[in-house]
Amino acid sequence: MPSEKRTNFIREIVKQDLKSGKWGGRVHTRFPPEPNGYLHIGHAKAICLDFGLAEEFGGKTNLRFDDTNPIKEEEEYIRSIIEDVHWLGFDWEDRLYFASDYFEQMYEYAEQLIRIGKAYVDDLPPEKIREYRGTLTTPGKNSPYRDRPVEENLDLFRRMRAGEFEDGSRVLRAKIDMSHPNMNMRDPVIYRILHARHHRTGDSWCIYPMYDWAHGLEDSIERITHSLCTLEFEDHRPLYDWFLDQLGVYHPQQIEFAPLNLTYTVMSKRKLKQLVVEGLVDGWDDPRLPTLSGLRRRGYSPEAIRAFSDEVGVAKKPSLTEIELLEHCLRTDLNQRALRVMVVLNPLKVTIRNYPEDQEEWLEADNNPERPEDGTRQIPFGRELWIERDDFREEAPRKYFRLAPGREVRLKHAYYITCVDVVKDEQSGEIQELICEYDPETKGGWSQDGRKVKGTLHWVSARHAQPIEVRHFDHLFTRKNPNEVESGKSFLDYVNPDSLTIIKGAMAEPSLAEARPGMYFQFLRQGYYSLDGKLSTASHLVFNRSVSLRDSWGKKQGS
RNA sequence: UGGGGAGUCGUCUAAGGGUAGGACAGCGGAUUUUGGUUCCGCCAGUCGGGGUUCGAAUCCCUGCUCCCCAGCCA
């Protein structure tokens, strides 16, 4: 369906609402991250949905930090989240909000809830509250403090705010129904005492609102129309609705969709954080992580991630998407834009014995055959070259059309060469060098006589080669779904010990010295690569492989 | 055995009484100065059982399976 925009059930609801005039023709969404970790590609799906929907229907989207728990939240996360959403290409204009900006208003609403007899201060300790809540199959029972008079509740709640009580000694709870089949409705806690410094409000509060209380109010205050969230909040919707109905305030519609899961990785912030804290990866932006900063460092483009978000769709079915789809989206984007360069990862020396000793020439190479307007560059050629060790076989299997003794191949953009001799180490038998001859009539890689050369190799002039470090990545986990753990094990037991391969002696053509982070390269015949801005120095360039090229030959060999 | 959700090719996702479509993956082939790209083709699905209907993925009944919920996290 190239011309038709892909639809989904939420988009249909929005279209329906627009038609019926339910929200006065408005579409106003929000992306509400808690600043307690870095954003990952699952968030990207939500961001694309929130911003994409508003964009499509002429609406607006707020970026709102849901910063109601000072114990877990940090400034660094706010910074990274802002950077990541911008990088993805979305703009919230002047609508950057913080839940903490509404604390006073939320507090007043809480007093209102107390006044209408729908909230009370409970002196039960945490264990007792849990005990009184009952279980999934048995009803809970009322707290002995449940029927305190309004005035007492008001007084106690004000004193909670004033800091008279210790953490955990009292809470404010909604008065709903302790035997409700939905656990969330069994008098949920709406304020807890936390003598903790908040990154924005400092020490002005020692009571903080709980998610269920805060979130609907935030949405209401901001006049959100469609409040999109993931499936696990489906159970919370009755509570979301209950609070807003009790207060009689503006009431957005919460709609839930299935979160994104990808094979061979984990998506929960808790687990990602654990990998970071335990030093199993190189920070939140480790290129093996599905974090947006990790993907960026690995060389993913925001366009690829947005295309992927469109591609996975939106539904309510819990799903596990194959990572291959993400990789496909990256290849599709990078094929169009990546600059082609030649890099030899595992060098094997080639001497062209009929090429003059001191001669060198500069040959023209296109930067991107998919986009001629990207022009050409000059690459140096000489008597001594590096080619890929893998591109030579002493004994060529059937269908192998790379270099072998007596065989002729094309050096991309250069000449046809024929292997005439193989130099080996006497002791080990290891191939040390290939002696070849070139055909001067094939400059540029064409022959006049029209003879066929099936194989084309990439190469680098030894004298001009720029040594670089290259990093290849494999899945971070050995299991398709590392969240499915056998008893007695943890997801950490499935971390892939071989997820990072460092290649030290790669040889690059000189133009790669101009590489900067954020530039996309295709190392010819190998894959897409990007400069690692964190590890590279002026004299030591490190390139990360974003994704390999598809390899139908290697696939055939491997099986 | 409480409540809330969900079941369509291997994976993701359309179709909402009228030919089950697309993408990824896989498999073949053509083109190719990247064994890339591009192009063409193939493979492959409505959870089971009843019912309503000329006609059911869609409506009804029933069964099964999977996911989420017992934080003073979000």
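Side-chain atoms are counted along with the backbone in the values below, which use heavy atoms only and exclude waters and symmetry mates. In what follows, chains carry the letters A, B, and so on, assigned in the order in which the sequence lines appear, proteins first and then strands, with residues in each chain numbered from 1. Every value quoted in this text rests on a predicted model; they were computed, and no experiment measured them.
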Asks: Is Arg410(A) positioned over the aromatic face of Tyr416(A), cation under 6.0 angstrom from the ring centre and no more than 45 degrees off axis?
Replies: no
Asks: Could you say whether Met183(A) or Phe9(A) is positioned toward the 5' end of RNA chain B, judged by the nucleotide with the nearest heavy atom to each?
Replies: Phe9(A)
Asks: Between His215(A) and Phe233(A), is the gap from one ring center to the other below 6.0 Å?
Replies: no
Asks: Only one of Arg148(A), Arg173(A), Arg146(A) clears salt bridge (Lys or Arg N to Asp or Glu O under 4.0 Å) with Asp123(A); which?
Replies: Arg148(A)
Asks: For Lys317(A) and rU8(B), is the shortest distance between a side-chain N/O and OP1 or OP2 below 4.0 Å?
Replies: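 Yes, such a contact exists.
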Asks: Between Arg451(A) and Ser447(A), do the side chains contain an N or O donor and an N or O acceptor separated by less than 3.5 Å?
Replies: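 On atom types as modelled, these side chains do not qualify, holding no pair under 3.5 Å.
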Asks: If you only use heavy atoms from C-beta on, which nucleotide in rA74(B), rC24(B), rG36(B) is closest to the side chain of Thr68(A)?
Replies: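 Given the options rA74(B), rC24(B), rG36(B), the side chain of Thr68(A) is closest to rA74(B).
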Asks: Students often get this wrong, so: under 4.0 angstrom with heavy atoms, is Arg410(A) touching a base, only sugar-phosphate, or nothing?
Replies: base
Asks: When you compare the protein's N or O atoms with those of nucleotides 26-31 of chain B, which come within less than 3.5 Å of each other, and at what distance?
Replies:
{"unit_1": "rG26(B)", "atom_1": "OP1", "unit_2": "Lys555(A)", "atom_2": "NZ", "d": "2.7"}
{"unit_1": "rG26(B)", "atom_1": "OP2", "unit_2": "Arg550(A)", "atom_2": "NH2", "d": "3.2"}

Asks: Do Gln336(A) and rU37(B) share a donor-acceptor pair, side chain to base, under 3.5 Å?
Replies: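 Such a pair does not exist between side chain and base.
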Asks: Whole-Å distance between rG35(B) C1' and Glu388(A) CD?
Replies: 14 Å
Asks: Tell me whether the OP1 or OP2 atom of rG71(B) has a side-chain N or O from Arg133(A) closer than 4.0 Å.
Replies: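 The answer is yes; a side-chain N or O of Arg133(A) sits under 4.0 Å from OP1 or OP2.
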Asks: Under 3.5 Å, is there any donor-acceptor pair linking the side chain of Asn182(A) to the base of rG4(B)?
Replies: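 Side chain to base: no pair below 3.5 Å.
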Asks: With distance as the sole criterion, do the side chain of Glu232(A) and the base of rG5(B) form a donor-acceptor contact below 3.5 Å?
Replies: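 It does not, because no donor-acceptor pair links the side chain of Glu232(A) to the base of rG5(B) below 3.5 Å.
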Asks: Tell whether Glu322(A) reaches the base of rG10(B) with its side chain through a donor-acceptor pair below 3.5 angstrom.
Replies: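 Check passes, donor-acceptor contact within cut-off.
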Asks: If a stem is a run of at least 3 consecutive Watson-Crick or G-U pairs, both distances under 3.5 Å, which stems include RNA chain B?
Replies: B:2-7 with B:64-69, B:10-13 with B:21-24, B:26-30 with B:38-42, B:47-51 with B:59-63
Asks: Judged by modelled atom types alone, do His199(A) and Tyr77(A) share a side-chain donor-acceptor pair under 3.5 Å?
Replies: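 No pair is found: no donor N or O on one side chain lies under 3.5 Å from an acceptor on the other.
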